[in-house]
Protein chains: 2
Amino acid sequence: MEKEITIYDIAKDLGVSPATVSRALNNHPAVNEKTKKKIYNAAMEMGYQSNVFASNLRSKRTNNIGVIVPRLNSSFQSSVLAGMEKVANEAGFNLIISQSLESKDKEIANTHSMFNSRVDGLLVSLASNTESLEHFAPFIKKKIPVIFYDRVGNFEEMFGVTIDNMKAAHQATSHLIEQGCQRIVHVLGNIKVNVYHERLKGYKYALLDHSIPFDENLIIYSDLNEEAGYDIVQKIKSIEPRIDGLFVSNDACAASCLKQLKLEGYRIPEDIAVVGFNNDVISRLVEPNITTINYPGYEMGELAMRNLINHLDVNTENLLKNTNRITLRSELIIRESSKRK
Amino acid sequence: MEKEITIYDIAKDLGVSPATVSRALNNHPAVNEKTKKKIYNAAMEMGYQSNVFASNLRSKRTNNIGVIVPRLNSSFQSSVLAGMEKVANEAGFNLIISQSLESKDKEIANTHSMFNSRVDGLLVSLASNTESLEHFAPFIKKKIPVIFYDRVGNFEEMFGVTIDNMKAAHQATSHLIEQGCQRIVHVLGNIKVNVYHERLKGYKYALLDHSIPFDENLIIYSDLNEEAGYDIVQKIKSIEPRIDGLFVSNDACAASCLKQLKLEGYRIPEDIAVVGFNNDVISRLVEPNITTINYPGYEMGELAMRNLINHLDVNTENLLKNTNRITLRSELIIRESSKRK
DNA sequence: ATTAATTTTGAAACCGATTTCAATTTTTCT
DNA sequence: AGAAAAATTGAAATCGGTTTCAAAATTAAT
């Protein structure tokens with residue numbers, strides 16, 4: 001075990017006090033420029049490395065920010081993380097990332113673990129079966145900021161960064177109606193998740209606005225993965241009267257449906273017009289290209305992180321009250337899968 | 001600011017010494033079971049939370065493991081991270097993740113930052129322009145284990161978890177040859193990256209083994225993103241004599257090429273047989289399905305992390321010498337894009 | 001009952017940087 | 001030059017667990 005260089009070593013070497021060394025290295029104004037230079041150089045030469053533990057112990061800060069995502073291996077989530085990492089890195093924070101794997105219990109465990117490792121702030125996209133936010137209470141009590149993004153839950157009290165899912169779904173559905181669709185199937189995930197809950201609402205309102213009756217049979221619940229297409233299309237085939245529009249809450253799943261529909265001989269968009277969600281790479285690569293909602297994951301990550309970091313400055317306590325929910329702009333991108341001339 | 005409960009508070013409350021409290025909470029054998037119970041309960045009731053800073057300061061461990069990836073928003077990397085997170089979480093470690101964005105300089109900065117935050121170990125997939133491993137020297141000197149995965153560089157000294165890229169490329173190329181291809185284009189990324197370097201070798205050897213001359217014109221360098229298809233196909237069109245096989249080092253890019261080739265009127269696989277790499281979701285969703293190499297990202301993450309954690313136990317120093325490079329099994333998955341009856 | 005062996009416990013040093021408060025040095029002003 | 005003000009510096013306490021070493025308490029052995 002090598003002996004580490006401490007500020008005491010530097011102090012002894014230069015015949016000054018550890019206090020001065022500490023101040024110099026933190027660029028404290030109350031230390032003479034010459035002494036500073038001297039200390040910098042000595043620290044350099046001796047290969048000094050600040051001991052974060054000791055420093056954290058006093059400052060009570062880790063410069064670590066926790067992120068809890070439902071799944072790491074999701075195209076959307078990894079864009080979000082990329083955006084977060086960029087902002088955090090530039091601001092000198094580290095990212096501690098863990099995944100809940102869509103399990104409430106694992107989310108709770110992760111939350112505890114983040115709390116114990118004393119992250120300075122927490123960013124969370126909720127698991128699909130999370131029913132309460134109790135497990136975040138310790139953070140609130142200690143005034144450690146917690147910001148939710150995307151999966152913000154149906155809880156009013158919390159900060160969150162989302163898109164307007166209702167509006168987006170309304171747009172998507174309206175678009176299908178404008179293309180002549182009258183019987184539109186909506187495929188979505190667990191209704192407990194705000195994201196799907198709101199999209200369903202948007203779907204319903206769009207029907208209402210165009211005087212199309214809502215039909216419960218046209219709602220299909222799914223885990224939305226890339227293999228779900230088969231089952232979904234089987235269900236679709238059995239629906240009477242025939243459907244002519246399909247709005248899937250996720251591009252990978254939409255692509256899977258598209259493939260299966262083509263296998264079954266449906267023409268897209270003539271027989272069934274299809275709209276996805278997310279604007280994943282995949283929506284641009286399958287044939288026909290899938291009309292989708294552009295869902296700005298990277299920006300969402302940047303914004304959520306920037307917001308969190310703002311909360312960390314003690315001076316900006318008022319921000320806490322002013323910013324309750326931030327809504328990012330999303331947009332419908334019309335492509336071949338739904339465009340009827 | 002709330003006063004935090006410390007072991008001193010508990011000690012005073014129960015009339016024992018802080019030392020005993022510390023030992024009890026760490027389940028040290030040299031403390032009476034009854035006292036332990038008593039202390040556990042008191043700690044519970046008082047809402048005690050261990051202060052990691054103080055604890056780290058002595059133990060010199062953070063329980064944080066650093067991961068540096070080229071990009072977070074990559075389907076492959078996020079699978080790897082998912083695997084790593086699972087193993088780390090189960091073993092009680094946190095993951096600190098940062099991305100190099102394929103920049104050597106950012107990688108160096110991230111490495112420094114990880115070192116300063118005193119991670120217990122480091123997992124790295126190198127940026128494409130990294131030319132030396134100097135920046136990891138401080139880790140080596142302090143005996144902090146560093147393990148590379150996937151992008152391990154062309155450096156012999158290092159531990160690493162990879163697949164046998166040469167063999168995989170050999171298999172892919174041989175398969176195309178067996179389907180009757182004679183003029184096979186290989187699309188790959190920066191040759192400095194071991195992954196592409198080795199795949200090119202595999203491609204060449206496969207040609208050699210089937211007595212097909214190597215033609216420099218059939219090698220196309222690309223950044224392999226999902227929009228690269230257009231340029232690649234333009235190049236392909238200009239190649240004389242015509243090509244009849246295409247081996248792309250990445251599924252997203254292969255899909256992009258596939259789409260573009262179809263737009264240009266090529267029949268797949270009759271005119272050009274296509275093989276990708278990675279077995280990304282996308283390879284199963286485009287039409288025709290893309291023949292590809294199954295690249296076990298999740299397992300690679302698990303394995304790399306398990307390996308790193310092993311290195312952390314001081315008793316297993318011998319492991320260091322025994323394990324130099326771990327090679328994961330990969331396999332060719334034959335699908336319609338290359339299957340000629 | 002006495003001694004030896006074993007368990008438990010506590011006092012105090014320690015990890016390394018930060019910070020308060022007072023002391024010292026330097027600069028400025030009459 | 002002498003006093004007052006400003007700029008630097010240092011001693012020592014502090015953050016909260018962990019650990020060493022020795023003392024005290026308990027159990028086992030003779």
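Each chain gets a letter, A, B and so on, in the order its sequence line appears, and its residues count up from 1. All values below come from the heavy atoms of this structure, side chains included, with hydrogens, waters and symmetry mates left out.
The side chain of Ser17(A) contributes no N or O atom lying less than 4.0 Å from OP1 or OP2 of dA11(D).
Under a 4.0 Å N-O distance rule, the pair Lys192(B)/Glu102(B) does not qualify as a salt bridge.
Within 4.0 Å of Val16(B), counting heavy atoms only, lie sugar-phosphate atoms of the nucleic acid but no base atom.
With sequence neighbours left out, the salt bridge (Lys or Arg N to Asp or Glu O under 4.0 Å) criterion links Arg23(B) to no other residue. In terms of the salt bridge (Lys or Arg N to Asp or Glu O under 4.0 Å) criterion, Lys38(A) has no residue partners (sequence neighbours excluded). The salt bridge (Lys or Arg N to Asp or Glu O under 4.0 Å) test applied to Lys36(A) returns Glu33(A), not counting sequence neighbours. Annotation: salt bridge (Lys or Arg N to Asp or Glu O under 4.0 Å) contacts of Glu45(B) (sequence neighbours excluded): none.
dG10(C) atom P lies 8 Å from atom CD1 of Ile39(B), rounded to whole Å. Atom-to-atom, NE2 of His28(A) to P of dC21(C) comes out at 14 Å; the value is rounded to the nearest Å. If you take CD1 of Ile10(B) and C1' of dG10(C), they are 17 Å apart, rounded to a whole angstrom. The CG-P distance, from Asn56(B) to dA17(C), rounds to 15 Å in whole Å. Glu33(B) places its CD atom 8 Å from the P atom of dT8(C), with the value rounded to the nearest Å.
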Contact list (N/O, under 3.5 angstrom) for nucleotides 24-27 of chain D vs protein:
none

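Just one of Ile65(B), Ile147(B), Val80(B) meets the side-chain contact (heavy atoms from CB on, under 4.5 Å) condition when paired with Met305(B); it is Ile65(B).
In this structure, Ile96(A) and Asn64(B) have side chains that are in contact, with non-hydrogen atoms separated by less than 4.5 Å.
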- Item | Contact state string [nucleotides 12-18 of chain D, B base, S sugar-phosphate only, - no protein heavy atom under 4.0 Å] | -BBBBBB

- Show your reasoning for whether side-chain contact (heavy atoms from CB on, under 4.5 Å) applies to Val69(A) and Val67(A). CA-CA 6 Å; Val69(A) 301; Val67(A) 186; 3.9 Å; yes

